[in-house]
Each structure stands twice: as structure tokens, then as C-alpha cells.
Amino acid sequence: MKKQWWQKEIVYQIYPKSFKDSNGDGIGDIKGITEKLDYLSNLGVTMLWICPIYKSPMDDNGYDISDYFDLAPEFGTMEDLDELLKKANEKGIKIILDLVINHTSDEHKWFEEAISNPKSKYHDYYIFKEGEEVPNNWRSVFGGSVWEKVKGRDEYYFHAFGKKQPDLNWENEEVRKTLYDMVNYWLEKGIAGFRIDAITFIKKDLTFKSLESDGVDGLVKCTKTSRNQPGIEEFLHELKRETFEKYNCVTVAEAPGVLYDELDDFIGENGYFSMIFDFKYADLDVASGSEWFKRVPWTIKGLREKIMASQMAIQKYGWGANFIENHDQPRSTTKYLIDQENNKDAIKMLGAMYFLLRGTPFIYQGQELGMTNFERKSIEEFNDISSIDQYYRAIEEGFTKEEALKIVNLRSRDNSRTPFPWNSSEYGGFSTSKPWLGMIENYKEINAEDQIGKEDSIYEFYKRMIDFRQNSIYSNCLIYGDIAPIDTKNDDIISYIRHTENEIIYCYFNFSQKFVFEPLNIGNKKVIFNNLKEFEINEDGIVLKPNQALLITV
Ligand code: GLC
Ligand code: CA
């Protein structure tokens, strides 16, 4: 693959509402991000992805945009953003924004006009169906029908996500052109690119036929009919041609539902995007279909197979975006390190395992501190619309309140959205007043101040790992090198090699708390990276210590 500037980046994802509050209203903001640029540059990140900061009623925390050209006042002004762009640039940090173009907020003026004046052109900006009955039995991603009745009229509008997030009608050419102009406006402003939200939802099955139901609610997941549908390729080609292609920008698409043999279209040489997130292993604990509330048992071996399948498929065509956390996922510590969520060696090992894969690494705020999931005692403590929906659906399915709460605690998107713990003072130094969402209980133990400069902290480990990928004699191999699995007989090991024509690095990650032998028959074995202080290698191989991450070269 031809070298691209974005392969070298280290991306740090910011959930602005929860990163740093600069004015004491309990809500994180743009000035707060600017205040913390030193923290980010000290860590070594080179690019920030900032979740939506546009004007929004915040029903889905900014993924419901009411004005694409304005910012949410609680986040700040355009001057604040310009200042952030400038100061970040001075530190060599680029910024990408979130691009939410599958839907708007129902408080966007286009939608308001479509409702108040159904004869206006804005009516066709969205998807409406006339009739007394609900048009079909599709279920929205956040629960309930995808159709919401228009008050006072026999008419429904379509929303794949929440009911305050009506889907735009991509079949309408003017809608597409208007969105492209908006995309170009932001690129002209000097941002480095976009993370693109839910982009595989823009094309619907236009027959709008009901399907067999998959739940007691009589509905069926709309992903079958509204995600990655035939015909989407025309929209995506056009989107790229009219916008991204004209700039040397990076695009990272949230593209669930894409099959591995379609990757060429998405990330190949002429693909729509620079890279996509692959959710196939992030969601390995989630059951699909009607058993959605169940946690699926999984193993490290299964995880290894999924990761390697993903890596090999992506390598065949292009480049990937590697992550273990984001604002929609629980904390990786609790998710992947069962019963070891507070084990520092294990947290570092897990970090290195995904970070050194082939692709651009993404770090979600707080991941570099080893933050964990919370445990909330009542549904009132939640903010995430999808958690609240899941709670009531679980009860509808016959679970008790306690069971429903357990389900929600495990997977709630609020787990990763708690305010960032900067120190151990009240509200964790995030704000001087009560934050919009409760802090996690353990912020006094897990916070940035406590870890910066402390030799064996998770933060310092991430810093060292970033530096190792970016600035060592192994950088070329670690960034651009290919990947291949190492066959192992040990079920608790993930292992792979990274290699170029004349370099090879063997990478081992021990998820168990046991000593594990891995045969390795190469001449001189040189340990080049280790999350622990010691290591044991002999002629035949290596003895991995509990939770060890070890990189070896010749
Ligand atoms: C994406 C976002 C998620 C949001 C949804 C609807 O999945 O990551 O946070 O709720 O799209 O915009
Ligand atoms: Ca604020």
C-alpha cells in the first residue's frame, strides 16, 4: 500500500462533555480541551477526534445536530474552536471532527419546516410515509419503531436511531449537495478530516416491507433493511468525489455491517474512506437477534481468531483503525480482562496487544489511565438513551429490575462517558460544580495526577508505548510493516509478527495469570519491549510471565 500521512498518527478520542469543564457549569467544553493540550502532547498523541460539538438539543449528546454551522453554546464559540485549532497546531496536534450526516435533530430548521409546512421542499429532506397505520415493523437501533407519528396528521417519519434523530433522505439530490457543501466548509476551515458517524445507514430498502419479527415487541431490527443496502455505493462514491477527495484529509468511517469481502470498496485504493472501524471483535460479547440482552461467553482464543481475521482482511485491501474503547463501548479493562480489571500488568498487556496491531491506533479518553466500568444502583443515574431503552425492554422481556440493571451496567455507553478524573479532589478536578453525569466511584484511586510521572503507571506505559511506535528504530516496521498470526497452542495467548522485507518482530501477549511457554527457534533473541521488568528466554523459546507483553526481534 502507498504510504499515507495518517498511517503515522496516534489518535486520541475526546468526548467533549466529559473531558474538562473550563467554566464551572458541570459540562466539559472546547476551552477545557485547549487547557489540556499539554497533557495530550506529553502523552504523545498526534491527532484528536472530537465527538460532535455542533449545536444540538443533546438528546444523544450531540449526535442529534440542529445546526451544522454553529457550535453548541455549552461547548463554546467558534472563536474557542479557532483557538483550539491554532494551539493544537502549534503543538503538532491535528483535529478531526465527527460528521453526522445520516440524520439531524428534530430541532433542525429543515425538519421543523418539514413538519410545519409539509408542502415545502424540506418535507422531502426526510423520510415520511402517509397513513393511519405504522408503515412497517422495523425496530430502531435505540428501541421502539423506526416510525414516529407526526402530531395531528396521518403521517410518520423515519428514524433509525432515536426519535429525535430523523433520518435524512439521501435519495434527494439537493439533500446530498447541501451536505457536501457543509462538509467542504469544515474542511476549508482547516480540520484534518472526519470520523464519520453511522454512514452505512444512509441507504434504505425502499420497498419498506415488514419482515418477520425477532422480539416480543413484534418488531425486527432495522439493520437488516437500513444498513449497508445495495445502492449505497453510489452515495458513498459521490460523497468522496464531491468532498474528501479534493482535500488531503483523513476519513475514518463508522461502518458497521460491512463484510470483509466488501472492504475493497470501502478502504481499497479507490475506496470511499481512509479507514474504517471494524466492530466484529469489539462486539464479541454481544448476542445478536432476539437474545440481545445476553452476554455471550467468549474466550481469548476466540478473541485472537476474530482479531487476526480482521487484521488479515483489512491488510488485503487497505488500512484499519484499531481501538478497544470508544464512547459507545464499555471500558476495555472490565470487558476484556474478566476478574482482572484492576490488574495493572494485564491492563498494560491488553493496551500493547491492540496498539501494536497494523493500523492507526485510537485511544479513548481515560483508557490511558486504565479506567473501569462503574456500577450504578438505579436507572435514574443513567443518561444514555440506549441504556434507558434497554432497561425497559429487558423488563418487558420478563427480567426483574435487578437483572435489568445488571444488564445495563455491563454494557451501558455511560460507562465510558463519566467525567475525566484529573485528580482526587471533589469532582475529580473535572469541574468545580456537580458534573452533568456522575463521576465513577473509583476516581480517587484512578486519576491522571496520580499517574503522571509515576514510573509504573498505566499512563507512563502508554506514553512509552506511543514513543516506541513513533520514535524508535523499530518504528518503520511497527507502523508500516505487515502482520501475520503466530500459531500458538496456548489458548490464553495472542501472538503475531510484524514484518517488513528485512525486519521481523515477534509479539506475544499473555492474558492468563500463569507462566506459559512459547517455542521460538530463532538465533539471537533480543527483547525490545516488555510491560514487566523481567523476562525469561532460552534457546527453544520464551517463558511468558503472567500478563506479560513481550516483543522480540533477532
Ligand atoms: C453512532 C455514534 C453513537 C450515536 C449513533 C447515532 O453509533 O457513535 O454514539 O448514538 O451513531 O448517531
Ligand atoms: Ca463548561
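In each ligand, atom 1 is the first atom listed, and ligand 1 is the first ligand listed.
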Please check if atom [atom1] in [X] has more than 12 non-hydrogen atoms from other residues, nucleotides or ligands closer than 6.0 Å.
X    : atom1 : value
E441 : CD    : yes
K163 : NZ    : no
K55  : NZ    : no

Next on the checklist: I want to check a possible cation-pi pair here: K94 against W49, using under 6.0 Å from ring centre and within 45° of the ring axis as the test.
Outcome noted: no
Checklist entry - With a cut-off of under 6.0 Å to the ring centre and 45° to the axis, is K129 in cation-pi contact with W147? => result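 Not flagged: K129 not positioned over aromatic ring of W147.
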Please tabulate, one line per pair, the protein nitrogen or oxygen atoms found under 3.5 angstrom from a nitrogen or oxygen of ligand 1, with distances to 0.1 Å, or say none if there are no such pairs.
{"from": "ligand 1", "atom 1": "7 (O)", "to": "E254", "atom 2": "OE1", "distance (Å)": "3.1"}
{"from": "ligand 1", "atom 1": "7 (O)", "to": "E254", "atom 2": "OE2", "distance (Å)": "2.8"}
{"from": "ligand 1", "atom 1": "8 (O)", "to": "R195", "atom 2": "NH2", "distance (Å)": "2.9"}
{"from": "ligand 1", "atom 1": "8 (O)", "to": "H327", "atom 2": "NE2", "distance (Å)": "2.8"}
{"from": "ligand 1", "atom 1": "8 (O)", "to": "D328", "atom 2": "OD2", "distance (Å)": "2.5"}
{"from": "ligand 1", "atom 1": "9 (O)", "to": "H327", "atom 2": "NE2", "distance (Å)": "3.0"}
{"from": "ligand 1", "atom 1": "9 (O)", "to": "D328", "atom 2": "OD1", "distance (Å)": "2.7"}
{"from": "ligand 1", "atom 1": "9 (O)", "to": "D328", "atom 2": "OD2", "distance (Å)": "3.4"}
{"from": "ligand 1", "atom 1": "9 (O)", "to": "R413", "atom 2": "NH1", "distance (Å)": "3.3"}
{"from": "ligand 1", "atom 1": "10 (O)", "to": "D60", "atom 2": "OD1", "distance (Å)": "3.4"}
{"from": "ligand 1", "atom 1": "10 (O)", "to": "D60", "atom 2": "OD2", "distance (Å)": "2.5"}
{"from": "ligand 1", "atom 1": "10 (O)", "to": "R413", "atom 2": "NH1", "distance (Å)": "3.0"}
{"from": "ligand 1", "atom 1": "11 (O)", "to": "D197", "atom 2": "OD1", "distance (Å)": "2.8"}
{"from": "ligand 1", "atom 1": "11 (O)", "to": "D197", "atom 2": "OD2", "distance (Å)": "3.2"}
{"from": "ligand 1", "atom 1": "12 (O)", "to": "H103", "atom 2": "NE2", "distance (Å)": "2.9"}
{"from": "ligand 1", "atom 1": "12 (O)", "to": "D197", "atom 2": "OD2", "distance (Å)": "2.8"}

Checklist entry - To the nearest 0.5 Å, how far apart are CZ in F323 and CD in Q367? => result 10.5 Å
Item to check | Y156 and S145 side chains, donor-acceptor separation under 3.5 Å | outcome: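 Checked: S145/Y156 side chains show no N/O donor-acceptor pair below 3.5 Å.
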Next on the checklist: Can a side-chain donor-acceptor contact be found between H123 and Y157 if the only test is distance below 3.5 angstrom?
Outcome noted: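 No - no donor-acceptor pair under 3.5 Å links their side chains.
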Checklist entry - From the Ca ion (ligand 2), how many protein N/O/S atoms are found at a distance short of 3.0 Å? => result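 Of the protein's nitrogen, oxygen and sulfur atoms, 5 lie under 3.0 Å from the Ca ion (ligand 2).
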Next on the checklist: Is the ring pair H327/Y63 parallel, tilted or perpendicular, if the boundaries are 30 and 60 degrees?
Outcome noted: parallel
